[in-house]
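The sequence lines fix the lettering, A, B, ..., with proteins before strands; numbering per chain opens at 1.
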Amino acid sequence: MRIAFMGTPDFAVPSLEALVLAGHTVCGVFSQPDKPVGRHQNRLQPTPVKTCALAHGIPVFQPEKLKDGTVLGQLKKLDPELIVVAAYGRILPDDILSLPPKGCINVHSSLLPRYRGSAPINWAILNGDSESGVTIMDVVHELDAGDILAQASTPIGPTETAEDLHDRLAQLGALLLTETVQKIQDGTVTRTPQDPELITYAPMLSRALSPVDWSRGATEIFNQLRGLYPWPGASTDIFTGEPVKLWGAQVIETHSDAGPGAIRKANAQGIDVVCGDGQTLRILELQAPGGKRMSAADYLRGHPIQVI
RNA sequence: CGCGGGGUAGAGCAAUUGGUAGCUCGUCGGGCUCAUAACCCGGAGGCUGCAGGUUCAAGUCCUGUCCCCGCAA
């Protein structure tokens, strides 16, 4: 099938690769414009999808605007039967959506209608879900609201981070995408509207989510740590007054009457902090400002902590 | 040259206005106790990232360079 692909970050790369590998003709790839990324912002960096497309010799388009008709004209020349969108990061105007005869579909990293929005993977873990998945749905005017063509679920491991799940869902999404495209080609695909009763949203992440509230339960805080991994991460300032990032932890199921935020132990095993439900969160890996990540044992050699 | 923090013993951190480079852990030896990641004594381990410069004297001030981290995405 002749397909135009739209995507930007790492998550979309396996989907693009899978389409190419399945033998489809990817006639053009649209990705966000190169932006200065990283510590030295004097050089532009291509998006992961762009790099992948160029490696396959596929023409790449990086429009700043989608609504001025230029992109519509380019698409008409490419003449795709189908448009596949995967984490493109832009809202497509209606005239583009209605252009390809086989429609315009999206790979979304949640079990819609749960977690519409830009950070579904993170919010699934933040909320302590035990299951996640990917959805292939129609792209419609309203964000992430189109009819569902296919879904695949996967359990979330109890200690899995958002980064881990992201990588797994990218693979799962690519697999489900190629299966669905095949069904579209065969004319066997079915569409199911989303149940309005079940809609939830997964808003964009920010550093405002990082500070830990120790009055919450140990598992909730652990979920915060996993869900915000690796960005923006969870942080606390109760050790030295400076905010340290918490990278690794485990819940210890012992009950304590000490108040939330009390530090019961600080040794080579980790730093045990009492949480709001009386259980303990043992910090295993952390990072001081300006420093690099290190084990609790290493951290404690240079940062003495008062045990309460 | 986008902004900022940082490279000091195996690890993590100190070092006042430039003036003998220290602390904790680890490590080695010894002692005490033989329930202890316990405690006591002693030792080893440094060209302070690299290269220049200023100075009687540089971890500290100046210039250049390499690497790490945060902001930003």
Suppose you measure atom C1' in B:G26 against the same atom in B:U60; what distance do you get, rounded to whole Å? 29 Å
For the side chain of A:Asp298, starting at C-beta, report the closest nucleotide among B:G70, B:A37, B:A11. B:A11
Rounding to the closest angstrom, what is the interatomic distance between B:U27 and B:U16 at atom P? 31 Å
Assign each of A:Gly302 and A:Arg293 the nucleotide of RNA chain B bearing its closest heavy atom; nearer the 5' end lies the nucleotide of A:Gly302
Atom NE2 of A:His303 and atom P of B:C23: how far apart are they, to the nearest Å? 19 Å
If the P atom of B:C32 is compared with that of B:U17, how far apart are they to the nearest Å? 48 Å
Taking atom C1' in both B:U24 and B:A57, compute the distance separating them and give it to the nearest angstrom. 31 Å
Donor + acceptor pair across side chains of A:Asp129, A:Tyr115 (<3.5 Å): yes
Hey, can you pull the donor-acceptor pairs under 3.5 Å for the side chains in residues 54-64 of chain A, sequence neighbours left out?
unit_1: A:His56; atom_1: NE2; unit_2: A:Glu17; atom_2: OE1; d: 3.0
unit_1: A:Gln62; atom_1: OE1; unit_2: A:Lys50; atom_2: NZ; d: 3.0
unit_1: A:Gln62; atom_1: NE2; unit_2: A:Gln32; atom_2: O; d: 2.9
unit_1: A:Gln62; atom_1: NE2; unit_2: A:Asp34; atom_2: OD1; d: 2.7

Only pairs with both distances under 3.5 Å count, Watson-Crick or wobble alike; so what is the partner of B:G10 in this structure? B:C25
Would you say A:Ser210's side chain and A:Gly233's backbone share a donor-acceptor pair under 3.5 angstrom? yes
Mind checking A:Asn267 for me? I need base, sugar-phosphate or nothing, with any heavy atom below 4.0 Å counting as a touch. base
Those residues that, when tested against A:Ser118, pass side chain to side chain contact (heavy atoms under 4.5 Å, CB included) (two or more places apart): A:Met204
Using the P atom in both, what is the distance from B:G5 to B:G10, to the nearest Å? 27 Å
Quick check for you: among B:A73, B:C69, B:A37, whose closest atom lies nearest to any side-chain atom of A:Trp231? B:A73
Between P of B:C25 and OH of A:Tyr299, the distance in whole Å: 17 Å
For atom P, what is the distance between B:A51 and B:G70, given to the nearest Å? 28 Å
Length of the CD-P vector between A:Glu242 and B:C69, whole Å: 19 Å
Answer with base, sugar-phosphate or nothing: what part of the nucleic acid does A:Gln45 contact at a heavy-atom distance below 4.0 Å? nothing
Which nucleotide, B:C25, B:C13, B:G70, lies nearest any side-chain atom of A:Arg301? B:C25
Between B:U36 and B:G29 - C1' atom distance, rounded Å: 22 Å
Could you give the distance separating B:U8 and B:G46 at their C1' atoms, to the nearest angstrom? 8 Å
Do you see a donor-acceptor pair shorter than 3.5 Å between the side chains of A:Arg264 and A:Thr280? yes
Rounded to whole Å, the CD-C1' distance (A:Gln287 to B:G5) equals 12 Å
Is A:Lys292 touching bases, backbone alone, or none of the nucleic acid, heavy atoms closer than 4.0 Å? sugar-phosphate
Rounded to the nearest Å, what distance is computed from the CE atom of residue A:Met294 to the C1' atom of nucleotide B:G6? 11 Å
Most 5' of A:Gly291 and A:Ala268 on RNA chain B, judged by nearest nucleotide: A:Ala268
Residues A:Asp186, A:Thr188; criterion side-chain hydrogen bond (donor to acceptor under 3.5 Å, both in side chains); working and verdict: CA-CA 5 Å; A:Asp186 298 341; A:Thr188 60; 4.9 Å; no
